[in-house]
Colleague: 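Okay, here's the structure, questions in a sec.
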Number of protein chains: 2
Amino acid sequence: MPHTETSPERDLLRSAGLRATDPRIETLRALETHPHADAQEVFDAVSSVLPDTSLQAIYGVLSALTDTGLVRRIEPAGSPARYELRVGDNHHHIVCSKCGAIGDVDCAVGHAPCLTPSTTSGFTLTTAEVTYWGLCPDCAAAPLT
Amino acid sequence: MPHTETSPERDLLRSAGLRATDPRIETLRALETHPHADAQEVFDAVSSVLPDTSLQAIYGVLSALTDTGLVRRIEPAGSPARYELRVGDNHHHIVCSKCGAIGDVDCAVGHAPCLTPSTTSGFTLTTAEVTYWGLCPDCAAAPLT
DNA sequence: CCTCAGTTTTGAATGAATCAAAATAAGCGC
DNA sequence: GCGCTTATTTTGATTCATTCAAAACTGAGG
């Protein structure tokens, strides 16, 4: 009888109109523990609790969660897609250009105007996305490798 | 005797310390004609002039040009890598979330401060990248398909 | 014009992600 | 609680963009 009991993850799934399955519940838990994990990392984490889970199931879960807005997908250049729980929304990401590590960055200061482009080539603008690039603490500390 | 004559592309390559080969010259020309082209599109354009060129050669050319800063590589989520000639640097990109088309956008207004994050999770910041998302004129005109 | 390192060709391999059919199970109504 | 229906997962194969590697070639300095 898998997960007859209630849980925050179960409620979250149900309120989004999704069935509360074990892989989905464990995927949400994995993302709590591993922010910015990619599909493989989520799979590894879920597998340790549900050994019969397939990687394809994880892809399916992640895309269902992304479609319903429970999870956000980020795709930095040169990195596989990464996922994070949607927690409010005022933050961007900083990516280590050496090792690919990702950090959260609070919304830039003084910027409501910043993200308004001056021209849009005829496009209808819906969102602006900011990605910062730099070095994570570890890579900055080991510049000579 | 391929390209003994001088040309803007040849000079550009030589001044970057690269050998002026036909595939490189034609790749630069292809990017003048096709801004934001991906490797396949560059290959198609170059092939029409140099039928013996291989796709792998194009990948090699693009990575040499990118490494020397002659060309900039952009990688919007869900799109293969795209390339553009480095022309000054005050612009960002707007991507059509429906068809993937890309447009240039002049630097956002009033923004020197905008791209300064308030916290950086311990990362050393080097650059900030802005990507706008929206609908291109064509996709905005055909919302019912 | 010759030589050699930088390039390209040719052919194969990788990694991330998607597709599809069959098997399974969540949660509705009874 | 019990089936039924449909959403979800499993299983297995496939696509696409990109990279790797060895051999053949060629630009350009001497």
Side-chain angles (χ1 to χ4, degrees), chain A residues 1-7 9-28 37-44 46-47 49-68 70 73-83 100, chain B residues 1-7 9-28 37-44 46-47 49-68 70 73-83 100:
Chain A
M1 60 183 82
H3 290 280
T4 310
E5 334 87 56
T6 184
S7 77
E9 290 81 12
R10 203 191 119 88
D11 295 346
L12 188 60
L13 288 165
R14 300 262 60 226
S15 68
L18 294 174
R19 288 190 185 171
T21 67
D22 285 357
R24 286 177 176 172
I25 290 171
E26 289 307 328
T27 293
L28 288 172
D38 62 26
Q40 183 66 53
E41 289 164 345
V42 172
F43 171 67
D44 293 343
V46 172
S47 289
V49 184
L50 304 169
D52 290 340
T53 312
S54 66
L55 178 56
Q56 284 74 357
I58 298 300
Y59 274 107
V61 168
L62 289 172
S63 104
L65 296 181
T66 301
D67 289 347
T68 51
L70 259 35
R73 165 193 279 127
I74 57 183
E75 298 179 50
S79 194
R82 291 162 175 280
Y83 301 84
Chain B
M1 60 185 81
H3 288 284
T4 310
E5 335 85 56
T6 186
S7 77
E9 291 81 13
R10 201 191 120 87
D11 295 346
L12 189 59
L13 289 165
R14 301 262 56 226
S15 68
L18 294 174
R19 288 193 186 169
T21 66
D22 285 356
R24 287 178 175 171
I25 290 172
E26 289 307 328
T27 293
L28 287 173
D38 62 26
Q40 184 66 52
E41 289 164 345
V42 171
F43 171 67
D44 292 343
V46 172
S47 290
V49 184
L50 304 169
D52 291 341
T53 311
S54 67
L55 178 56
Q56 284 73 358
I58 298 301
Y59 274 106
V61 167
L62 289 172
S63 104
L65 296 180
T66 302
D67 289 347
T68 52
L70 259 35
R73 166 194 280 126
I74 57 184
E75 298 178 51
S79 193
R82 291 162 177 277
Y83 301 84

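Note on naming: letters A, B, ... go to the chains in the order of the sequence lines (proteins, then strands), and numbering restarts at 1 for each one.
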Colleague: Does A/Val61 or B/Leu18 map to a spot on DNA chain D nearer the 5' end, using the closest nucleotide for each?
Modeller: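 Between the two, 5'-proximity favours A/Val61.
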Colleague: Would you say that A/Val61 contacts A/Thr53 through its side chain, given a criterion of any heavy-atom pair below 4.5 Å between the two side chains?
Modeller: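 They are not in side-chain contact.
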Colleague: Is the phosphate of D/dT19, meaning OP1 or OP2, less than 4.0 Å from a side-chain N or O of B/Tyr59?
Modeller: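 So the side chain of B/Tyr59 is outside the cut-off, no N or O lying under 4.0 Å from OP1 or OP2 of D/dT19.
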Colleague: CD of A/Gln40 versus P of C/dA16: gap in Å, rounded?
Modeller: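 Spelled out: CD on A/Gln40 to P on C/dA16 is 7 Å.
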Colleague: Would you say A/Arg14 reaches C/dG27's phosphate, i.e. side-chain N/O to OP1/OP2 under 4.0 Å?
Modeller: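 Answer yes for this pair, as a side-chain N or O of A/Arg14 is under 4.0 Å from OP1 or OP2.
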Colleague: Taking atom CG of A/Leu18 and atom CZ of A/Arg10, what is their separation to the nearest 0.5 Å?
Modeller: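 Separation between the atoms: 12.0 Å.
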Colleague: Hey, could you give me the OG/CZ distance between B/Ser7 and B/Arg14, rounded to the nearest 0.5 Å?
Modeller: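 Rounded to the nearest 0.5 Å, the OG-CZ separation comes out at 12.0 Å.
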Colleague: Whole angstroms only, please: what is the CZ-P distance between A/Phe43 and C/dA17?
Modeller: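 Result: 14 Å.
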Colleague: Check every atom of D/dT9, D/dA28, C/dT18 against the side chain of A/Gln56 and return the nucleotide holding the closest atom.
Modeller: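 Looking only at heavy atoms from C-beta outward on A/Gln56, the closest nucleotide is C/dT18.
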Colleague: What's the closest nucleotide to the side chain of B/Ala57 if the choices are C/dT7, C/dT9, D/dT10?
Modeller: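 In terms of side-chain proximity for B/Ala57, the closest of C/dT7, C/dT9, D/dT10 is C/dT9.
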Colleague: Closest approach to the side chain of B/Ala81, judged atom by atom: which nucleotide of D/dT18, C/dG27, D/dT9 is it?
Modeller: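 For B/Ala81, the side-chain atoms sit closest to D/dT18.
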Colleague: Provide, to the nearest angstrom, the distance between the CD1 atom belonging to B/Ile25 and the C1' atom belonging to D/dA28.
Modeller: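 Checked: the CD1 to C1' distance equals 13 Å.
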Colleague: Are A/Leu13 and A/Leu65 packed together at the side-chain level, in the sense that at least one heavy-atom pair is separated by less than 4.5 angstrom?
Modeller: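 A side-chain contact exists here, since the closest heavy-atom pair is under 4.5 Å.
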Colleague: So which protein N/O to nucleotides 1-6 of chain D N/O distances come out below 3.5 Å?
Modeller:
| unit_1 | atom_1 | unit_2 | atom_2 | d |
| --- | --- | --- | --- | --- |
| D/dT6 | O2 | A/Arg19 | NH2 | 3.2 |

Colleague: Rounded to the nearest 0.5 Å, how far does CZ of B/Arg24 lie from CG of B/Leu12?
Modeller: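 Interatomic distance, B/Leu12 CG to B/Arg24 CZ, rounded to 0.5 Å: 12.0 Å.
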Colleague: Heavy atoms under 4.0 Å, any strand shown: does B/Asp52 hit a base, just sugar-phosphate, or nothing?
Modeller: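 Sugar-phosphate, no base atom in range.
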Colleague: Atom CG of B/Leu62 and atom C1' of D/dT19: how far apart are they, to the nearest Å?
Modeller: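 B/Leu62 atom CG is separated from D/dT19 atom C1' by 14 Å.
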Colleague: Would you mind reading off the distance between B/Asp44 atom CG and D/dA17 atom P, rounded to a whole angstrom?
Modeller: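 Value for this atom pair: 11 Å.
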Colleague: Which value, rounded to the nearest 0.5 Å, describes the distance between A/Leu62 atom CG and A/Tyr83 atom OH?
Modeller: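 The CG atom of A/Leu62 sits 5.0 Å away from the OH atom of A/Tyr83.
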Colleague: In whole angstrom, what separates B/Arg82's CZ from D/dT18's C1'?
Modeller: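 Spelled out: CZ on B/Arg82 to C1' on D/dT18 is 15 Å.
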Colleague: What is the distance, to the nearest angstrom, from the CZ atom on B/Arg24 to the P atom on D/dC25?
Modeller: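 B/Arg24 atom CZ is separated from D/dC25 atom P by 19 Å.
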Colleague: For a quick test of reading the model: is some side-chain N or O of B/Thr21 closer than 4.0 Å to OP1 or OP2 of C/dT8?
Modeller: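 Looking at the OP1 and OP2 atoms of C/dT8, one of them is under 4.0 Å from a side-chain N or O of B/Thr21.
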Colleague: For the CZ atom of B/Arg82 and the CD atom of B/Glu41, what is their distance to the nearest 0.5 Å?
Modeller: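 These two atoms lie 5.5 Å from each other.
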Colleague: Which nucleotide in the list D/dT18, C/dA16, C/dT9 gets nearest to the side chain of A/Pro80?
Modeller: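 The listed nucleotide nearest to A/Pro80's side chain is C/dA16.
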Colleague: Let me know the distance between CG of B/Leu55 and P of D/dT18, rounded to the nearest Å.
Modeller: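 Distance, rounded to whole Å: 9 Å.
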